[in-house]
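In what follows, a single structure is set out as structure tokens and then discussed.
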Amino acid sequence: MDDKFAAKFVSHKISRTRWRPVSASSLQQPDVFATGSWDNEENKVCVWATSDFGAISLEEEYQGDPKQLCDIRHIGDVMDMQFLDQERIVTASSTGTVTIFRHHENNQTLSVNQKWEQAHYHVGSNMRAPCTGIVCSSPEIVSVGEDGRINCFRAESRDVVRTIDDADSSTMHGVTFLRTTEILTVNSVGQLKLWDLRKQGNDPTQIFSV
């Protein structure tokens with residue numbers, strides 16, 4: 001059986017693509033996804049819908065294109081992007097800002113729901129540092145950046161819940177949840193660090209060198 005796919009040309013560079021999650025009880029494949037752009041005069045976050053591939057018989061060809069439902073301007077390059085839930089999208093910006101966008105399905109618009117400006121910055125110069133990675137486990141959000149800092153947020157709180165300064169002397173490139181209270185980060189020299197968010201202090205629980 002041949003795989004069915006569709007391709008669509010867009011007039012901007014896309015850095016991230018994420019499917020909107022479906023409920024655990026749903027038997028349907030996800031049909032809505034979001035994209036984030038980079039290196040454009042004006043970057044943006046877009047929400048798209050696809051047709052139902054499952055409704056196409058094996059003898060038929062898929063003729064449709066992904067349809068853009070809405071978009072919104074994004075300040076800086078989209079360095080990372082995750083769905084917090086079915087309505088909210090979290091982005092990491094090259095300006096150091098972490099933003100939550102809300103998708104309003106009733107009128108197909110996007111709006112800024114929450115923003116933590118300059119969450120990542122270089123100490124001393126106070127210059128903005130790119131936020132390079134985020135991970136979400138609603139309502140918790142964790143970000144890492146070029147400044148070697150880890151920030152913990154809660155979606156409904158305007159304040160940063162916790163900051164681990166000097167978490168790494170190198171640029172941190174990614175973060176993921178292992179458990180609800182544990183995260184794993186990776187830096188530019190290939191080190192993996194395990195962090196227990198229940199513990200105070202700036203030291204990781206374990207360090208793995210690749």
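The line from OG of Ser93 to CD of Gln118 is 11.0 Å long, rounded to the nearest 0.5 Å. Leu110 CG to Arg88 CZ: the interatomic distance, rounded to the nearest 0.5 Å, is 14.0 Å. The NZ atom of Lys8 sits 10.5 Å away from the NZ atom of Lys67 when rounded to the nearest 0.5 Å. The structure places CD1 of Ile183 at 7.0 Å from CZ of Phe177, a figure rounded to the nearest 0.5 Å. Residue Ile75 holds its CD1 atom at 6.5 Å from NZ of Lys115, rounded to the nearest 0.5 Å. Distance check: Gln29 CD to Asp31 CG gives 10.0 Å after rounding to the nearest 0.5 Å.
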### Query
Can Val32 and Trp19 be said to form a side-chain contact (heavy atoms from CB on, under 4.5 Å), step by step?
CA-CA 6 Å; Val32 173; Trp19 286 105; over 6 Å; no
### Stepwise side-chain contact (heavy atoms from CB on, under 4.5 Å) check, Lys193 with Gln206
CA-CA 6 Å; Lys193 294 185 178 182; Gln206 268 183 296; over 6 Å; no
### Query
Is there a side-chain contact (heavy atoms from CB on, under 4.5 Å) between Val90 and Val98 once you walk through the steps?
CA-CA 7 Å; Val90 186; Val98 176; 3.8 Å; yes
### Task
Go through the steps to decide whether Thr163 and Asn151 satisfy the test side chain to side chain donor-acceptor pair (under 3.5 Å), and finish with yes or no.
CA-CA 5 Å; Thr163 296; Asn151 286 314; 2.8 Å; yes
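Under the 4.5 Å side-chain criterion, counting only non-hydrogen atoms from C-beta, Trp48 is not in contact with Leu69. Between Ile89 and Val47, some side-chain heavy-atom pair lies under the 4.5 Å cut-off.
Among all heavy-atom pairs drawn from Cys131 and Met79, the shortest one is O-CB, 3.1 Å. When all heavy atoms are compared, the tightest approach of Gln86 to Ser23 is NE2-N, 3.9 Å. Across Val175 and Ile134, no two heavy atoms sit closer than the pair CG1-C, 3.8 Å. The heavy-atom pair separating Ser143 from His120 by the smallest distance is OG-NE2, 2.8 Å. Here the closest heavy-atom approach between residue Cys70 and residue His103 is recorded as SG-CD2, 3.7 Å. Val22 and Pro30 get closest at one heavy-atom pair: CG1-CA, 3.8 Å.
For the residue pair Thr97 / Thr99, no side-chain donor-acceptor distance below 3.5 Å is found, with atom types taken as modelled. No side-chain N or O of His74 forms a donor-acceptor pair with one of Glu42 less than 3.5 Å apart. A donor-acceptor pair shorter than 3.5 Å can be found between the side chains of Gln68 and Asp71.
When atom types are taken as modelled, the side chain of Arg162 and the backbone of Leu197 share a donor-acceptor pair closer than 3.5 angstrom. Trp116 places a side-chain N or O within donor-acceptor distance of the main-chain N or O of Arg158, the cut-off being under 3.5 Å. At distances below 3.5 Å, not a single donor-acceptor pair connects side-chain atoms of Lys199 with backbone N or O atoms of Thr205. Between the side chain of Gln82 and the backbone N or O of Ile141 there is no donor-acceptor pair closer than 3.5 Å. Of the possible donor and acceptor atoms, one in the side chain of Arg18 sits under 3.5 Å from a partner among the backbone N and O of Met81. Panel note: side chain Arg149, backbone Tyr121; a donor-acceptor pair is recorded below 3.5 Å. Within the 3.5 Å criterion, the main-chain N or O of Ser188 finds no donor-acceptor partner in the side chain of Ser170. Thr176 places no side-chain N or O within donor-acceptor distance of the main-chain N or O of Leu184, the cut-off being under 3.5 Å. A donor-acceptor contact shorter than 3.5 Å links the side chain of Asp77 to the backbone of Asp39. Proximity of a side-chain donor or acceptor of Asn40 to a complementary backbone N or O of Trp38 within less than 3.5 Å is detected.
Residue Asp166 qualifies as open at atom CG: its count of foreign heavy atoms under 6.0 Å is 12 or below. Glu105 CD: more than 12 foreign heavy atoms inside a 6.0 Å radius.
Residues Leu194 and Leu192 share a single hydrophobic cluster, defined by chaining ILVMFWY side chains whose heavy atoms lie under 4.5 Å apart. Put simply, Ile164 and Val135 are part of the same group of oily side chains (I, L, V, M, F, W, Y) that touch within less than 4.5 Å, one to the next. A continuous path of Ile, Leu, Val, Met, Phe, Trp and Tyr side chains, each step under 4.5 Å between heavy atoms, connects Phe153 with Leu84, placing both in one hydrophobic cluster. Hydrophobic clustering (ILVMFWY, side-chain heavy atoms < 4.5 Å, transitive): Val144 and Val161 are in distinct clusters. Both Val142 and Met172 are part of a single hydrophobic cluster, where members link through side-chain heavy atoms under 4.5 Å apart.
Each of Asn202, Asp203, Thr185 was compared with Trp195 under the side chain to side chain donor-acceptor pair (under 3.5 Å) criterion, and only Thr185 meets it. When each of Thr171, Thr132, Asp168 is tested with Asn187 by the rule side chain to side chain donor-acceptor pair (under 3.5 Å), just one qualifies, namely Asp168.
For Glu182, the side-chain hydrogen bond (donor to acceptor under 3.5 Å, both in side chains) criterion is met by Arg179, not counting sequence neighbours. With sequence neighbours left out, the side-chain hydrogen bond (donor to acceptor under 3.5 Å, both in side chains) criterion links Ser15 to no other residue.
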